[in-house]
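Below is one structure, written out as structure tokens, with a few remarks after it.
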Amino acid sequence: FLHHCSLLPPKRRLPTPLPVMSSEDASKVEEAPRAVDMRSDTVTKPTDEMRAAMAAAPVGDDVYGDDPTVNRLQELAAEVSGMEAALFVSSGTMGNLLSILCHCSQNGSEFIC
């Protein structure tokens, strides 16, 4: 389907440094926000609480539309993005492929980025 496709990695921005806080100000803060690395599920490891939530979550077969968690996620994504519907896919690669195939639906199509 694809004759030419070259994907360049996104430009990385350096994180903004946090302002320096005096010890007096620091004592007033209940809990400082923690940074979360969401690059990949292989980088961030679930906590015990996260594992318990996953184990207790209602499940179903999303292929048949029976998974309430996936259904709610898709509804929320559609609502937030202002779209009629949304589709959950299991990886960024799969999402990218679906996006490209939506634009290159005929044999011999080209997608250059």
Exercise. Check which hydrophobic residues are tied to V70 through side-chain heavy-atom contacts below 4.5 Å, counting indirect links as well, and list them.
Key: L73, F88

Self-check item: Minimum side-chain heavy-atom gap E110-C104 below 4.5 Å
Solution: no

Practice problem: Name all pairs fulfilling the salt bridge (Lys or Arg N to Asp or Glu O under 4.0 Å) condition that reach into residues 53-70, sequence neighbours left out, sorted by first residue then second. | Solution: none

Quiz item: Going by side-chain heavy atoms closer than 4.5 Å, which hydrophobic residues are tied to L87, directly or by a chain of links?
Solution: V89, M94, L98

Quiz item: How far apart are the closest heavy atoms of P46 and M54, and which atoms are they?
Solution: CB-CE, 3.8 Å

Self-check item: All side chain to side chain donor-acceptor pair (under 3.5 Å) counterparts of E79, not counting sequence neighbours
Solution: none

Quiz prompt | Rounded distance [0.5 Å steps], SG in C102 versus CG in L97 | solution = 9.5 Å

Quiz item: Shortest non-hydrogen contact from P68 to G60?
Solution: CD-N, 4.3 Å

Exercise. Return the set of residues passing salt bridge (Lys or Arg N to Asp or Glu O under 4.0 Å) with R51 (not counting sequence neighbours), or none when no residue passes.
Key: none

Quiz item: Backbone N or O of A57 within a donor-acceptor pair of the T69 side chain at under 3.5 Å?
Solution: no

